Amino acid sequence: MSDKPDHRVFLNGHIDVPADRLEEVRAVLPDHVKLTRAEEGCISFDVIEDQSRPGRFDVSEVFADQQAFDAHQARAQASDWARVTQGIPRHYRIESASNGG
C-alpha cells in the first residue's frame with residue numbers, strides 16, 4: 001500500500017440532451033473526449049450515450065487532483081463542447097478521494 005496521499009477527483013452523472021440538439025452534441029463529443037483524455041492529470045474520461053435512453057449521456061471522469069480537474073473545467077468552458085451544450089442541465093456528483101470519495 002502506498003503512503004502517498006490520494007487527491008483524485010471523481011465526477012459521475014449524466015447529461016440529458018434534448019432531441020433537437022442531439023446531432024450537434026454527437027458531432028462535437030469525439031473531439032471533447034479526445035482533448036480531455038490528452039490533458040495533464042486526466043486519469044479517465046468517458047461520455048457514453050445510453051442506448052436505452054436516447055439523449056442521455058453517462059459521464060465518468062477521474063482527474064489526478066483538484067488542480068487538474070480545475071484546468072479541465074477551464075479548458076472545457078472555452079470549447080465547442082461548452083458552446084453546443086450550453087443551457088443543457090448536468091446531473092453530476094463530484095467527490096474527492098481525500099474526502100472519502
Side-chain angles (χ1 to χ4, degrees):
M1 179 180 251
S2 174
D3 291 333
K4 207 168 138 181
D6 186 354
H7 297 290
R8 291 176 296 166
V9 175
F10 302 85
L11 181 149
N12 290 288
H14 65 273
I15 178 174
D16 288 322
V17 178
D20 64 334
R21 297 177 68 182
L22 265 176
E23 290 310 311
E24 192 174 16
V25 167
R26 287 176 180 144
V28 298
L29 180 59
D31 196 46
H32 178 56
V33 170
K34 178 183 171 186
L35 291 171
T36 300
R37 288 179 177 168
E39 292 173 7
E40 185 173 338
C42 177
I43 296 171
S44 68
F45 185 83
D46 294 299
V47 181
I48 300 169
E49 189 168 1
D50 184 332
Q51 296 305 303
S52 65
R53 294 185 69 166
R56 174 161 289 186
F57 292 80
D58 295 313
V59 181
S60 177
E61 307 176 11
V62 182
F63 286 87
D65 54 31
Q66 189 66 49
Q67 183 177 350
F69 180 74
D70 292 346
H72 162 68
Q73 292 294 306
R75 186 206 55 83
Q77 287 175 7
S79 71
D80 283 342
W81 174 257
R83 179 186 55 77
V84 168
T85 63
Q86 183 175 5
I88 300 174
R90 271 81 163 154
H91 306 277
Y92 298 156
R93 185 178 73 227
I94 302 169
E95 297 177 335
S96 170
S98 58
N99 291 333

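The basis for the numbers below is simple: all heavy atoms, side chains too, and nothing from hydrogens, waters or symmetry mates. The model shown is predicted, which means the values in this text are computed figures rather than measured ones. Just so you know, residue 1 is the first one in the sequence shown, and it goes up from there.
With sequence neighbours excluded, no residue forms a side chain to side chain donor-acceptor pair (under 3.5 Å) with Ser44. Remark: Asp58 engages no residue in a side chain to side chain donor-acceptor pair (under 3.5 Å) (not counting sequence neighbours). For Asp46, the salt bridge (Lys or Arg N to Asp or Glu O under 4.0 Å) partners are Arg37, not counting sequence neighbours. Applying the salt bridge (Lys or Arg N to Asp or Glu O under 4.0 Å) rule to Arg53 yields no partners; only residues at least two apart in sequence or on another chain are considered. Partners of Phe45 under the ring-ring contact (aromatic ring centres under 6.0 Å, His included) rule, at least two apart in sequence or in another chain, are His32, His72. Residues passing the side-chain contact (heavy atoms from CB on, under 4.5 Å) test with Val17, sequence neighbours excluded: Ile15, Arg21, Leu22, Val25, Phe57, Ile88. Partners of Asp31 by salt bridge (Lys or Arg N to Asp or Glu O under 4.0 Å), not counting sequence neighbours: none found. Remark: Glu23 pairs with Arg26 by the side chain to side chain donor-acceptor pair (under 3.5 Å) rule, at least two apart or across chains. Under the rule for a salt bridge (Lys or Arg N to Asp or Glu O under 4.0 Å), Glu40 has no partner lying at least two apart in sequence or in another chain. With sequence neighbours left out, the ring-ring contact (aromatic ring centres under 6.0 Å, His included) criterion links His14 to His91.
Under a hydrophobic clustering in which Ile, Leu, Val, Met, Phe, Trp and Tyr are joined whenever their side-chain heavy atoms come within less than 4.5 Å, directly or via other members, Phe69 and Tyr92 fall into the same cluster. Cluster annotation: Leu11 and Val33 are assigned to the same hydrophobic cluster (Ile/Leu/Val/Met/Phe/Trp/Tyr, side-chain heavy-atom contacts under 4.5 Å, transitive).
Taking each heavy atom of Ala97 and Phe10 in turn, the nearest pair found is CB-CE1, 3.8 Å. When all heavy atoms of Ala64 and Ala68 are compared, the pair lying nearest together is N-CB, 4.3 Å. Closest non-hydrogen pair, Ala76 versus Ala82, comes out as O-CB, 3.1 Å.
In this structure, Ile48 stands alone, with no Ile, Leu, Val, Met, Phe, Trp or Tyr side-chain heavy atom under 4.5 Å from its own, directly or through other members.
Counting only heavy atoms from C-beta outward, the side chains of Thr85 and Arg90 approach each other to under 4.5 Å. Two residues are said to be in side-chain contact when any heavy atoms from C-beta on lie closer than 4.5 Å; Leu35 and Trp81 fail this criterion.
Here salt bridge (Lys or Arg N to Asp or Glu O under 4.0 Å) pairs that include residues 69-82, with residues two or more places apart or in two chains, are Glu39-Arg75, Asp80-Arg83.
Interatomic distance, CD of Glu61 versus CD1 of Ile43, reported as 12.0 Å (0.5 Å rounding). For the atom pair CG (Asn12) and CZ (Arg93), the distance works out to 6.0 Å, reported to the nearest 0.5 Å. Here the CG-OG distance, from Asp65 to Ser96, works out to 9.5 Å after rounding to the nearest 0.5 Å.
Within a 6.0 Å radius of CD in Gln73, more than 12 heavy atoms belonging to other residues, nucleotides or ligands are found.
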